[in-house]
Q: 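Quick one: the structure is below, questions incoming.
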Amino acid sequence: MEKLKAKIRDVNDFPSPGIVFKDITPLVQDPILLRECVAALIQPYKGKAITAVAGMEARGFIFGSLAAWELGVGFIPLRKPGKLPYDVQRIDYDLEYGSAALEAHIDAIKAGDKILVIDDVLATGGTARASCELIQNLGGEVVACAFVMELGFLHGRDVLAPYPIHTLISY
Ligand SMILES: O=P(O)(O)OC[C@H]1O[C@H](OP(=O)(O)OP(=O)(O)O)[C@H](O)[C@@H]1O
Ligand SMILES: Nc1ncnc2[nH]cnc12
């Protein structure tokens, strides 16, 4: 996983002063590492009963849709407000650098669906926790949350305590 770390770039003071932003664009531009990264993300869930992968806009779309493809299941986009065209359910939450909201189509998940949640970064856990609650509010079951990296000093794991977590890299 050191190879992955080497391709994640620190950008200081983005998007606001004091934040060290973990930029995954060098990683996703590397075709071999991108494949290795997605393979490692989905490894614990191969052969498990997963109905769909859900990913959060925007970076969760990159890893989530590739993971869905590899697992042979569909992808559910959890989007920023006002982007989904049909009827939505919404959830509001806080993150490391502000507050935000996500929406899902009301027919994206059926009762009993088993959902794997995928994103690039687990920071405060606000985004992932809200995503899990949105999925549950629509009747789905969250099987686990998988992330490329975890910012351990922000204790997102505690916020996500009710859910199994899989991360590839920790800072
Ligand atoms: O654990 P948290 O503190 O909630 O932070 C993690 C979230 O923050 C980033 O998304 P962001 O909202 O910046 O959106 P983006 O993917 O569109 O850049 C990241 O992609 C995660 O979704
Ligand atoms: N420090 C960080 N770098 C990249 N994405 C983030 N999402 C929340 N905090 C982040």
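All ligand and atom numbering here is 1-based and tracks the order in the structure. What's counted below: heavy atoms across the whole structure, side chains too, no hydrogens, waters or symmetry copies. All values reported here derive from a predicted model rather than from experimental measurement.
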Q: With atoms numbered from 1 as shown, which atoms in ligand 1 lie under 4.0 angstrom from a non-hydrogen atom of Glu57?
A: 14 (O), 16 (O), 17 (O)

Q: Yes or no on salt bridge (charged side-chain N to carboxylate O under 4.0 Å, His left out) for Lys3 and Glu36, after CA distance, side-chain angles and deciding distance?
A: CA-CA 10 Å; Lys3 284 188 296 182; Glu36 286 180 13; 2.9 Å; yes

Q: Quick check, are the ring centers of Phe63 and Phe147 under 6.0 angstrom apart?
A: no

Q: Verify, without hydrogens or angle tests, whether Asn12 (side chain) and Val20 (backbone) share a donor-acceptor contact under 3.5 angstrom.
A: no

Q: If you have a sec, work out which protein heavy atom is nearest atom 3 (N) of ligand 2 and how many Å separate them, to one decimal?
A: Lys22 N, 2.9 Å

Q: Provide, to 0.1 Å, the distance between atom 12 (O) of ligand 1 and the closest protein heavy atom, together with that atom's residue and name.
A: Leu95 CD1, 3.2 Å

Q: Among protein heavy atoms, which sits nearest to atom 10 (C) of ligand 2, and what does the distance come to when rounded to 0.1 Å?
A: Glu96 OE1, 3.3 Å

Q: Which heavy-atom pair separates Ala58 from Lys80 by the least distance, and what is that distance?
A: N-NZ, 4.2 Å

Q: Taking only residues two or more places apart in sequence, or in another chain, which ones meet Gln43 in a side-chain hydrogen bond (donor to acceptor under 3.5 Å, both in side chains)?
A: none

Q: Check each atom of ligand 2 against the heavy atoms of Ala123 and keep those under 4.0 Å away; list them by number with element.
A: 8 (C), 9 (N)

Q: Which residue and non-hydrogen atom of the protein lie closest to atom 5 (O) of ligand 1, and at what distance in Å?
A: Ala123 CB, 3.6 Å

Q: State the CG-CZ distance between Asp92 and Arg90, to the nearest 0.5 angstrom.
A: 4.0 Å

Q: Considering heavy atoms of the protein only, find what lies nearest to atom 5 (N) of ligand 2 and give residue, atom and distance to 0.1 Å.
A: Arg59 NH1, 2.9 Å

Q: Do side-chain atoms of Lys46 reach the backbone of Ile42 as a donor and acceptor pair under 3.5 angstrom?
A: no

Q: With the threshold set at 4.0 Å, does a side-chain nitrogen-carboxylate oxygen contact exist between Glu70 and Arg35?
A: yes

Q: Taking all non-hydrogen atoms of both residues into account, name the closest pair between Ser131 and Met56 and its distance.
A: OG-CG, 3.2 Å

Q: Do Gly60 and ligand 1 have an N or O pair less than 3.5 Å apart?
A: no

Q: Report yes if some N/O of Val121 lies less than 3.5 Å from some N/O of ligand 2; otherwise report no.
A: no

Q: How close do Ala104 and Leu78 get, heavy atom to heavy atom, and via which atoms?
A: CB-CD2, 3.8 Å

Q: Is a donor on one side and an acceptor on the other found under 3.5 Å between the side chain of Lys7 and the backbone of Val28?
A: no

Q: Between Thr124 and ligand 2, which residue portion shows a heavy-atom distance shorter than 4.0 Å: side chain, backbone, both, or neither?
A: neither

Q: If you take the nearest heavy atom of each of Thr124, Leu154, Val159, which one is closest to atom 2 (P) of ligand 1?
A: Thr124

Q: Could you find the nearest protein heavy atom to atom 6 (C) of ligand 2 and give me its residue, atom name and distance?
A: Tyr97 OH, 3.5 Å

Q: Check whether any heavy atom of Gly125 sits under 4.0 Å from an atom of ligand 1.
A: yes

Q: Could you check which of Thr127, Asp119, Leu78 puts a non-hydrogen atom nearest to atom 21 (C) of ligand 1?
A: Asp119

Q: What about Lys80: any of its N or O atoms under 3.5 Å from an N or O on ligand 1?
A: yes

Q: Kindly confirm or rule out an N or O of Asp94 lying under 3.5 angstrom from an N or O of ligand 1.
A: no

Q: Donor-acceptor check, side chain of His166 to backbone of Ala40, threshold 3.5 angstrom: yes or no?
A: yes

Q: Apply the test side-chain contact (heavy atoms from CB on, under 4.5 Å) to residues Asp120 and Ile62: give CA-CA distance (whole Å), side-chain angles for both, the deciding distance (0.1 Å), then the verdict.
A: CA-CA 8 Å; Asp120 63 332; Ile62 301 170; over 6 Å; no

Q: When you compare ligand 1 with Ala128, is there at least one nitrogen or oxygen pair between them that comes in under 3.5 angstrom?
A: no

Q: Please list, in number order, the atoms of ligand 2 under 4.0 Å from a heavy atom of Leu151.
A: 1 (N), 2 (C)

Q: Relative to the heavy atoms of Asp120, which atoms of ligand 1 are at a distance of less than 4.0 Å?
A: 19 (C), 20 (O), 21 (C)

Q: Looking at Glu103 and Gly82, would you say the former's side chain and the latter's main chain have a donor-acceptor pair under 3.5 Å?
A: yes

Q: Just need the protein heavy atom nearest to atom 13 (O) of ligand 1, so name the residue and atom and give the distance.
A: Tyr97 OH, 2.5 Å

Q: What atoms of ligand 1 come closer than 4.0 angstrom to any heavy atom of Val121?
A: 6 (C), 21 (C)

Q: Does an N or O from Asp120, backbone or side chain, lie closer than 3.5 Å to an N or O of ligand 2?
A: no

Q: Please write down residue, atom name and distance for the protein heavy atom closest to atom 9 (C) of ligand 1.
A: Arg59 NH2, 3.2 Å

